[in-house]
Amino acid sequence: MDDSRDRELGMKSEITRRDFLNGVALTVGASMLPESMWSLTGDQNSTDYYPPAKTGLRGAHVGSFETAHDLRDGTFWDKAGKPLATGEEYDLVVVGGGISGLASGYYFQKAAGPNAKILILDNHDDFGGHAKRNEFHVGNRTILGYGGTYSIESPAPYSAEAKALITDLGIDVPSYPKYFDKNLYRSLNLSRHIFFDKETFGADKAVIDPHPMMGGEGDDDPAASSAWKAFLAEAPLSEGAKKDYRRLLTAKTDYLPGHTSADKKAKLARMSYADYLTGVVKVDKAIVKLYQTTPHPLFGVGIDAVSAQDAWGLGAPGFDGLKLDSSPGKGMNRDAIRNDEAEAFFFHFPDGNATIARLLVRKMIPAAIAGNSITDMITARADYAKLDEVASPVRIRLNSTVVKVAHVGSTDSAQQVEITYGNSGKAYTVRAKNCVLACWHVMIPYLCPELPQKQKDALESAAKVPLLYTNVVLNNWQSWQKMGASSFYAPGGYYMAAGLDLPVSIGDYHCAHDPKEPIVIHMVRTPCHPGLPARDQHKMGRYELFTTNWETLERNTRDQLARMLAPGGFDPARDIAAITVNRWPHGYAYEYNSLWDDFWLNGGVTPCEIARQPFGRIAIANADSGAYAYTDCAIDHAYRAVNELIGAKKMAAKA
Ligand SMILES: Cc1cc2nc3c(=O)[nH]c(=O)nc-3n(C[C@H](O)[C@H](O)[C@H](O)COP(=O)(O)OP(=O)(O)OC[C@H]3O[C@@H](n4cnc5c(N)ncnc54)[C@H](O)[C@@H]3O)c2cc1C
């Protein structure tokens, strides 16, 4: 990219607290960081420690992953030296401060009583795991974004336990419509668009999406019926491709004649949607490209790695004439099975499910976040210095990567577990009667090498799905208004989707109503490598995320916005106020897939069932335990893990 284009994009302009070090760190390679840089994350007890307001590279931020990678590479112990015993003893130590870890603390405290001593350790500079808050301050406004988990939603209904936790936190899910301004974008004549890029489709062109699918909440396209005309006139597709697109969406052809519904589903479960479109429906290649990234937000892979049966379940076109009965077929992903009760259970906070994490923290450590309702929670500032106080029964210690978890004595008779963690390049130990590993399963074999090999193999198979969630604060959204766009699906873009913030106002927090006001927009990339098996695609994507430097991320973000919004007069150098890229190389829990996971299609014990077995005084939580990338899964497995410990140690009696 030449200098003049960089100037046009505003690469040299001042944006909110540009995080220079993030760029440098990634350019030189994280493993080459001097040890002192491990403490870049700061001291959580200092008065100016407030990670939600950091911009630049967040998610797996610099300082959060180096210890774990050193442990993986076998270099940690040489660097850290002999661990220092803190002398601290707890009833429970939780490894991982995501929803599952925080919920484990919550359930344990409920059972063991308010004086139970609990320590939660997390490697990030903020709690919440994937449920992270991005907070921006532009002029005199505070603007919130979700750095990861978007909302309370799940393809299957929340369990009784998960619902009870949500209710106990004060969240009244059915009250959501009163906070959500459903008609805002519609009243401004904004609708969903497709952005065709010149590299993939021969021209940069934004066109109304006549048939939005696979995702997108609350913004029904008002123009859907009339959009056809505009789409057919303007989309940079050949006449043949347009004809095929129409046929795909409207024809009632039985493309698999002579088979029963069950046989058809069995066939569809074994072929990708891309193969179905190409080989069975026989549409133009451009239409396959058009649909390629539609499942990215759900699965982190494209239609080459999603079964045709799942595509049918998700409402993709091309199945109407097959006359499939509506029951789920064998091997369907839970996301692809419609459930009306689950569909209705939806709540989006302006910072996503970071509000759930914050409510859990307030339950356990009231001094850390003032207030007593969900409305005051949205604008409440967390006091991080209160998270790890000696006098508090529950403590949360950030920037602390656990590197070893071992029983003190033999697994069968040990009374304690010793937990070793790295913080600022040094190793420390604490002891506890119980331990919940609510961290990523791939990490556990490194922490507990004494686990049975079969369990370690199962844990290792849970490698996560990489994602990039980027929040960009714009000084105004007049260019969106001019184009009549509320969101873009960009099948060939660096980001496959970008959209205006969901308009939710709660308590003193008010979303942007006027296009002249600043707003946060959300962009999604799921790096993957079409053609490879799903797990290999995720592995390549993870590598990409860890090796892409800040400058490239910033340039790609600015460039895509500039190109998509050019007809609306968008100027990236003028209109962008802040950028936060939430990098999640270890993102969604891997969900089983009928194309790659035989046990899922044909039955048998799933790896997550083997992986989550308790081991002495150690129980295993995290959403990986259910191979299901949803908040309720993280909660359900916290509940199970704590119950395993409580049952085993008769702690319930103390509740
Ligand atoms: C980008 C994104 C968007 C999502 N959107 C939604 C959504 O809209 N709705 C929904 O229901 N679900 C969503 N999910 C899934 C949902 O966020 C997760 O299922 C859930 O939050 C996982 O919680 P968890 O505690 O199991 O794991 P995590 O949130 O990953 O928390 C685990 C924590 O343990 C830490 N850890 C790992 N190893 C160690 C170690 N050795 N020492 C210390 N700490 C360690 C991790 O860094 C992490 O902070 C989303 C996930 C992602 C990634």
Side-chain angles (χ1 to χ4, degrees), residues 59-61 64-65 67-69 71-72 76 93-105 119-132 146-156 158 162 166 215 217 297-298 300 335 342 345-349 352-354 356-357 360 396-405 419-423 436-444 446-448 462 464-470 502 522 524-526 582-591 620-638 641:
H61 57 80
S64 67
F65 58 88
T67 301
H69 288 184
L71 187 69
R72 175 198 65 193
F76 172 78
V93 166
V94 181
V95 180
I99 297 284
S100 204
L102 295 170
S104 299
L119 174 68
I120 299 172
L121 296 160
D122 196 279
N123 57 312
H124 290 103
D125 60 8
D126 201 354
F127 57 81
H130 295 139
K132 282 273 165 34
Y146 52 100
T149 318
Y150 170 66
S151 59
I152 293 174
E153 61 174 324
S154 190
Y158 268 46
I166 295 294
E217 260 77 39
L298 277 181
D335 269 297
F345 200 72
F346 180 89
F347 201 116
H348 171 77
F349 291 102
N353 286 4
I356 298 183
L360 283 164
I396 298 176
R397 193 162 297 160
L398 299 166
N399 307 307
S400 301
T401 307
V402 171
V403 291
K404 190 174 172 198
V405 178
I419 297 100
T420 311
Y421 63 92
N423 181 312
V436 172
L437 301 179
C439 56
W440 305 328
H441 281 194
V442 284
M443 190 76 201
I444 295 175
Y446 296 99
L447 309 184
C448 305
K464 303 247 195 198
V465 177
L467 295 123
L468 213 58
Y469 267 28
T470 294
L502 200 65
H522 186 69
V524 181
R525 172 177 176 76
T526 60
N582 296 278
R583 173 179 63 167
W584 298 114
H586 303 273
Y588 292 161
Y590 177 83
E591 296 190 356
I620 295 177
N622 194 281
D624 288 342
S625 294
Y628 187 50
Y630 287 92
T631 299
D632 53 329
C633 179
I635 296 170
D636 287 344
H637 286 282

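Both ligands and their constituent atoms are indexed starting at 1 by order of listing. These values consider heavy atoms only, across backbone and side chains, with no hydrogens, waters or symmetry-generated copies.
The distance from ligand 1 to the heavy atoms of Leu121 drops below 4.0 Å at these ligand atoms: 43 (C), 44 (N). Contact atoms of ligand 1 toward Thr401: 41 (N), 42 (N) (distance under 4.0 Å to a heavy atom of the residue). Contact atoms of ligand 1 toward Gly587: 53 (C) (distance under 4.0 Å to a heavy atom of the residue).
Ring geometry, Trp440 versus His124: the interplanar angle exceeds 60°, so the pair is classed perpendicular (tilted spans 30 to 60°).
Heavy atoms of Ala638 stay at 4.0 angstrom or farther from ligand 1. Under a 4.0 Å heavy-atom criterion, Ala629 is in contact with ligand 1. Ala438 counts as a contact of ligand 1, since one of its heavy atoms falls under 4.0 Å from the ligand. In this structure, Ser151 is part of the shell of residues with a heavy atom less than 4.0 angstrom from ligand 1.
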Ser151 vs Tyr146, side chain to side chain contact (heavy atoms under 4.5 Å, CB included): CA-CA, chis, key distance, verdict: CA-CA 9 Å; Ser151 59; Tyr146 52 100; over 6 Å; no
Chi angles and distances behind the side chain to side chain contact (heavy atoms under 4.5 Å, CB included) call for Ile635, Ile99: CA-CA 7 Å; Ile635 296 170; Ile99 297 284; 3.8 Å; yes
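Closest protein heavy atom to atom 13 (C) of ligand 1: Thr149 CG2, 3.3 Å. For atom 23 (O) of ligand 1, the nearest protein heavy atom (residue, atom name, distance) is Ala634 CB, 3.5 Å. Looking at atom 42 (N) of ligand 1, its nearest protein heavy atom turns out to be Val402 N, 2.9 Å. Looking from atom 30 (O) of ligand 1 to the surrounding protein, the closest heavy atom is Trp440 NE1, 2.6 Å. Scanning the protein heavy atoms around atom 34 (O) of ligand 1, the nearest turns out to be Gly96 CA, 3.2 Å. Remark: minimum distance from atom 39 (C) of ligand 1 to any protein heavy atom is reached at Cys439 CB, 3.6 Å. Protein heavy atom closest to atom 50 (C) of ligand 1, with residue, atom name and distance, is Tyr588 CE2, 3.6 Å. At the top of the distance list for atom 27 (O) of ligand 1, counting protein heavy atoms only, stands Asn622 ND2, 3.2 Å.
Counting heavy atoms under 4.0 Å from ligand 1, residue Tyr469 touches it through the side chain alone. Contacts between Trp584 and ligand 1 below 4.0 angstrom, taking non-hydrogen atoms only, involve the side chain exclusively. No part of His586 comes within 4.0 Å of ligand 1, judged by heavy-atom distances.
Taking OH of Tyr469 as the start and CZ of Arg525 as the end, the distance is 14.5 Å to the nearest 0.5 Å. Residue Arg72 holds its CZ atom at 10.0 Å from CE of Met443, rounded to the nearest 0.5 Å. Ile356 CD1 to Ile152 CD1: the interatomic distance, rounded to the nearest 0.5 Å, is 4.0 Å.
Taking His637 as the reference, nothing meets the ring-ring contact (aromatic ring centres under 6.0 Å, His included) condition, with sequence neighbours excluded.
Considering Val465, Leu298, Leu467 as possible partners of Thr526, the one that fulfils the side chain to side chain contact (heavy atoms under 4.5 Å, CB included) test is Leu467.
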